[in-house]
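Notes follow once the structure below has been shown.
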Amino acid sequence: MSRDKRIRGSEIDRVGSDSPPDDSITAFGLLVGVLRDIRSRPSLAVPFLVTSIVLAACNVARLRDPVATQVATVARTGLAHFVVLLYPGDSSLVTRPVGAILGLRLPIMAEVAAIWIVTQIAIATAVAALVTRSDGDSVSVRSVASLVVFQCCLSGLVWAVGAIGTMLGFVVLLVGVLLVAFVSARLFAVPVLLVRGRSMGTAVRRSYGSIAGNTLSVVVFAGIIGTLQYWVGSVPMLDSLASYGGPELHVALGTVLGVSIFAPLGVLGAIRVAVIATDE
């Protein structure tokens, strides 16, 4: 099948097949497209509905361990807070301050690492399941493993930028954040390409090169999805609702709401972006 027919959507019924044929995308076009995708195939949201429960349990475990956490809430940062998805399916409702994990004893460090790895595996599995459901294929263990490695590398980059920025000051931190947003946008199609059988090197090279002229559009799209996920996920932590139940309940509910609603949209956006990063 020719690439033009695949992109235009003729002779194929596949998510993202109606993406523009001129290698040009817009944030608004991606938003409209992913909403159309999820409306026409609601079952695509199922993988992240299940995963949101796993992530909720991980966030509750983070709250209960002795290591300090930061909980996302619009009550603290306001609606002006802007969150760009690090990768499709990313969730950061409960995070660790950069300095919180430095100098921890080995048993506690192992617990923190185990929770983090579980979240990465859960997200990677959901991404792989959504992409394969949209393509009509089966989930590959190798694809999930590749996704976990990719996500861990990007998360490690964020941690390093945060650590360096904390030491060197706000200007360095700001530059680092912008760099991370740029790199993550250029690699936004990598998870989809990995699930579809590309090697890590090939997926990174094709995504980075093909998105060159659309970086800002991808950043804006990832920012809109990430910010909406942050807002909706933090609603249960608002002061007017916080008096009902304990903090674990509110964090769990916020995680399920944010992830189950918006994570599928981020992945569907990546599927559409991947159309310009493939040679099929």
Side-chain angles (χ1 to χ4, degrees), residues 1-9 11-12 14-25 29-30 33-34 37 44 47 84-90 117 120-158 160-161 179-219 221-222 225 263-264 266-280:
M1 182 182 299
S2 71
R3 178 175 181 276
D4 183 65
K5 287 182 178 179
R6 179 176 53 79
I7 295 177
R8 290 180 182 277
E11 298 184 9
I12 193 167
R14 184 172 178 177
V15 170
S17 60
D18 59 342
S19 296
D22 58 355
D23 291 356
S24 176
I25 58 178
L30 286 174
V34 299
D37 292 337
L44 292 175
V84 177
L85 292 178
L86 183 61
Y87 47 80
D90 181 27
I117 289 296
Q120 297 305 312
I121 294 175
I123 292 172
T125 302
V127 171
L130 195 160
V131 174
T132 54
R133 284 172 72 92
S134 73
D135 292 350
D137 298 326
S138 58
V139 178
S140 164
V141 174
R142 178 180 178 183
S143 298
V144 174
S146 298
L147 279 173
V148 171
V149 172
F150 174 73
Q151 292 168 186
C152 288
C153 289
L154 278 184
S155 298
L157 174 63
V158 170
V161 167
L179 175 63
V180 169
F182 172 81
V183 171
S184 62
R186 294 288 290 270
L187 301 181
F188 205 65
V190 168
V192 177
L193 298 178
L194 290 176
V195 173
R196 290 178 176 170
R198 304 295 187 275
S199 67
M200 184 72 71
T202 299
V204 169
R205 184 174 63 255
R206 288 182 180 170
S207 179
Y208 193 90
S210 62
I211 298 177
N214 302 285
T215 305
L216 181 59
S217 295
V218 175
V219 169
F221 170 78
I225 298 298
V267 179
L268 289 171
I271 292 175
R272 288 179 167 272
V273 171
V275 169
I276 64 174
T278 182
D279 62 352
E280 296 177 350

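What you see is a predicted model, and the numbers here were worked out from it, not measured in a lab.
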Indicate the atoms forming the closest heavy-atom contact of Pro47 with Arg133, along with that distance. CG-CD, 3.8 Å
Kindly write out the residues that satisfy side chain to side chain contact (heavy atoms under 4.5 Å, CB included) with Ala270, not counting sequence neighbours, or none if the list is empty. Pro88, Phe188, Val192
If every non-hydrogen atom of Thr132 is compared with every non-hydrogen atom of Ala129, which pair is closest and at what distance? OG1-O, 3.0 Å
Any residue meeting side chain to side chain contact (heavy atoms under 4.5 Å, CB included) with Phe150, in chain and number order, not counting sequence neighbours: Tyr87, Leu154, Leu187, Val190, Pro191, Leu194, Met200
Any Val218 side-chain heavy atom under 4.5 Å of Ile25 side chain: yes
By side-chain hydrogen bond (donor to acceptor under 3.5 Å, both in side chains), which residues pair with Ser199, not counting sequence neighbours? Thr202
Rounded to the nearest 0.5 Å, what separates atom CG in Leu130 from atom OG1 in Thr125? 12.5 Å
Hits for side chain to side chain contact (heavy atoms under 4.5 Å, CB included) against Ala122, two or more places apart or cross-chain, chain-then-number order -> Thr51, Val54, Leu55
Would you call Leu44 and Leu268 a side-chain contact if the rule is heavy atoms closer than 4.5 Å? yes
Candidate pair Val273 and Phe221, rule side chain to side chain contact (heavy atoms under 4.5 Å, CB included), full reasoning: CA-CA 11 Å; Val273 171; Phe221 170 78; 5.9 Å; no
Please report the shortest heavy-atom distance between Arg186 and Ser207, naming the atom on each side. O-OG, 2.7 Å
State which residues pass side-chain hydrogen bond (donor to acceptor under 3.5 Å, both in side chains) with Ser140; sequence neighbours excluded, sorted by chain then number. none
Looking at CG of Asp90 and CD1 of Ile225, how far apart are the two atoms once the value is rounded to the nearest 0.5 Å? 12.5 Å
Val158: what forms a side chain to side chain contact (heavy atoms under 4.5 Å, CB included) with it, not counting sequence neighbours? Leu86, Val180
Heavy atoms only: give me the nearest Val267-Gly89 pair and the separation to one decimal. CG2-N, 4.0 Å
How long is the gap from OG on Ser210 to CG on Leu193, to the nearest 0.5 Å? 7.5 Å
For residues Ala185 and Val219, report the shortest heavy-atom separation together with the two atoms involved. CB-CG2, 3.4 Å
Taking every non-hydrogen atom, the tightest pair across Gln120 and Cys152: CG-SG, 4.1 Å
